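All of these numbers come straight from a predicted model, not from anything done at the bench. Below, chain A is the first sequence line, B the second, and so on; all start at residue 1.
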Amino acid sequence: MKETLDFFAKNLIDWYLDNKRDLPWRSTKDPYFIWLSEIILQQTRVAQGTPYYLAFTSAFGDVKSLAAAPQQKVLKLWQGLGYYSRARNLHIAAKYVANELDGRFPSTYKGLLQLKGVGDYTASAVGSICFDLPTAVVDGNVYRVLSRLFGIATPINTTQGIKDFKSLAQQLLDTSQPGTYNQALMEFGARFCVPQNPNCAQCIFKYKCDAYKNKQVANLPVKLKKVKVKKRYFNYIVILSENGNTVLQQRTEKGIWQQLYEFPLVETTHLVAQDALCKEIQFDHISTLYDLDTLTLFRENAVVHKLSHQHLYTRFWIAQTKSKLPKGIPVDDIDQYAVPVLISNFISEFEGFK
DNA sequence: AACTCGGGGTG
DNA sequence: CACCCAGAGTT
């Protein structure tokens, strides 16, 4: 068994050293930078996350700098990356490390787990890369590589699957260089043992891979099907006053986009025409707060903004008003607020803001 | 154990 | 269109 482990780890790491990408966070073992990169890369492709990593490291050179920033600055830098709880938890964890630990990250697995937004994967990654802790990472790449190599059909999104793959990954870990090994395994999954149409004929493990030998590569890993998406109907009221102000509101309730800004929103159960929307507004606090004169639809066809679990059928309505807006903000200032991509797309398309 | 949380890339 | 991405937190 030990020979098998050594064979796997040695060949994997040799492949890694020949094929690894030169990524910005691979030139340091500073836990601040490694932690930051790992949070950004949760459920996020390297290509998408890299510009954000560079922006954050440029804005905040250390954890105390990040901790001292206002939340809105953090959210604005995070804008467009999605899963915004990561940004909120990142900030909470930074303040904890800066204020309670004097800027020094925990150097144990259990200590790292205490940080908001740090779960088993991230604690294992930071621990192994920064502190040489013998903690195996299990991310989407690891599930795929190990399920194929060992022909394991246990669904990866079940309690049993999570337990089994973590256990296997831990057995396989090269404890003499856990950080390099962990990154090698993930890199191999990301660059070679890819989800669709992997180049198995050229794989260094083709004679060891259970899935390849049994023609099960396309069927692994197994994942239980997820719930269907819900449809929602959003009507954003883009208020324009004669003195060049508009209104943004912060989302404070649970659900999507917590703490981000948007135009006043009227959600309906179906796509509505203008007269129906006006009636909806009559019962909404918007009409009591603002004296709207005209309401015109920006575009007839609703924008369908697709999230993982929701499809947002969205229309923007332009409302002119002569009244001075309570809590109005200058139109020129809207780009200072952190907004969902759905809103930023509209802002860049709407000529009334230019 | 099931749900929720984004946005974008891929075939 | 379905699936996936260097997962974590809540219910």
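- We find that CG of Leu342(A) is positioned 11 Å from P of dG8(B), with the value rounded to whole Å.
- Under the side chain to side chain contact (heavy atoms under 4.5 Å, CB included) test applied with Phe234(A), the options Thr268(A), Thr314(A), Val303(A), Val266(A) reduce to a single match, Thr314(A).
- Proximity of Gln42(A) to the phosphate of dG7(C): no side-chain N or O atom is located under 4.0 Å from OP1 or OP2.
- As rounded to the nearest Å, dC3(B) and dA6(C) have C1' atoms that lie 23 Å from one another.
- Dashed line: the shortest gap from a side-chain N or O of Thr44(A) to OP1 or OP2 of dG7(C) is not under 4.0 Å.
- With hydrogens and angles ignored, no donor-acceptor pair closer than 3.5 Å exists between the side chain of Ser85(A) and the base of dG9(C).
- Residue Tyr143(A) places no side-chain N or O under 4.0 Å from the OP1 or OP2 atom of dG7(C).
- Closest contact between the side chain of Val341(A) and the listed nucleotides dG8(B), dC5(B), dA6(C) involves dG8(B).
- A donor-acceptor contact under 3.5 angstrom links the side-chain atoms of Tyr83(A) to the base of dG6(B).
- dG9(C) atom P lies 8 Å from atom NZ of Lys116(A), rounded to whole Å.
- Using a 4.0 Å heavy-atom distance criterion, Asn182(A) is classed as making no nucleic acid contact.
- Considering only side-chain N and O atoms, Trp257(A) lies under 4.0 angstrom from the phosphate OP1 or OP2 of dG7(B).
- Atoms CG (Asn157(A)) and P (dC5(C)) sit 12 Å apart, rounded to a whole Å.
- With rounding to whole Å, Arg45(A) atom CZ is found 5 Å from dC5(C) atom C1'.
- Residues Lys306(A) and Gly189(A) each lie close to DNA chain C; by heavy-atom proximity, the contact nearer the 5' end of the strand is made by Lys306(A).
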Report the C-alpha distance between Asn141(A) and Arg144(A) in whole Å, list the side-chain angles of each, state the deciding distance to 0.1 Å, and finish with yes or no for side-chain hydrogen bond (donor to acceptor under 3.5 Å, both in side chains). CA-CA 5 Å; Asn141(A) 295 305; Arg144(A) 186 169 55 254; 2.8 Å; yes
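- Of all nucleotides listed (dG6(B), dG7(B), dA6(C)), dA6(C) comes nearest to the side chain of Ala190(A).
- Counting distance only, with no hydrogens placed and no angle test, the side-chain atoms of Gln48(A) and the base atoms of dG7(B) include a donor-acceptor pair under 3.5 Å.
- Residue Gln43(A) contributes atom CD, which lies 6 Å from atom C1' of dC5(C) at whole-angstrom precision.
- Of the P atoms belonging to dG6(B) and dT11(C), the separation is 15 Å, rounded to the nearest Å.
- Picking from dC5(B), dG6(B), dA8(C) the nucleotide with the shortest atom distance to the side chain of Tyr84(A) gives dG6(B).
- A salt bridge is defined here as a Lys NZ or Arg NE, NH1 or NH2 lying under 4.0 Å from an Asp or Glu carboxylate O, and Lys10(A) with Asp174(A) fails to meet this definition.
- The Thr122(A) side chain lies nearest to dG7(C) when the options are dG6(B), dG7(C), dA6(C).
- Proximity of His309(A) to the phosphate of dG6(B): no side-chain N or O atom is located under 4.0 Å from OP1 or OP2.
- For dC5(C), one of the phosphate oxygens OP1 or OP2 lies less than 4.0 angstrom from a side-chain nitrogen or oxygen of Arg144(A).
- As judged by a 4.0 angstrom heavy-atom cut-off over every strand, Val137(A) is placed among residues making no nucleic acid contact.
- When the shell of 6.0 Å around NZ of Lys116(A) is examined, it contains 12 or fewer heavy atoms from other residues, nucleotides or ligands.
- Here the two rings, on Phe346(A) and Phe298(A), have centers that are under 6.0 Å apart.
- The residue Ser37(A) sits apart from the nucleic acid: no heavy atom pair falls under 4.0 Å.
- Atom CD1 of Ile39(A) is separated from atom P of dG6(B) by 15 Å (rounded to the nearest Å).
- Nearer the 5' end of DNA chain C, as judged by each residue's closest nucleotide, is the contact made by Val138(A), out of Val138(A) and Lys254(A).
- Residue Gln196(A) places none of its side-chain N or O atoms closer than 4.0 Å to OP1 or OP2 of dG9(B).
- Taking a cutoff of 4.0 Å between a charged side-chain nitrogen and a carboxylate oxygen, Asp132(A) and Lys29(A) qualify as a salt bridge.
- Using a 4.0 Å heavy-atom cutoff across all strands shown, Arg26(A) reaches at least one base atom of the nucleic acid.
- Asn199(A) has its CG atom 17 Å from the C1' atom of dT10(B), to the nearest Å.
- Among the heavy atoms of the strands lying under 4.0 Å from Gln310(A) are primed sugar atoms or P, OP1, OP2 only; no base atom is included.
- Counted by atom type alone, Glu38(A) and Tyr121(A) present one or more donor-acceptor pairs between their side chains at under 3.5 Å.
- dC5(C) atom P lies 19 Å from atom CG of Leu307(A), rounded to whole Å.
- As judged by a 4.0 angstrom heavy-atom cut-off over every strand, Trp78(A) is placed among residues making no nucleic acid contact.
- Applying the side chain to side chain donor-acceptor pair (under 3.5 Å) test to every pair with at least one member in residues 145-156 of chain A, sequence neighbours left out, gives no pairs at all.
- Within the nucleic acid shown, Leu23(A) comes within 4.0 Å of at least one base atom, counting heavy atoms only.
- Comparing Gly80(A) and Leu224(A) along DNA chain B, the residue whose closest nucleotide (by nearest heavy atom) sits nearer the 5' end is Leu224(A).
- Between dT4(B) and Lys230(A), a contact under 4.0 Å exists linking OP1 or OP2 to a side-chain N or O.
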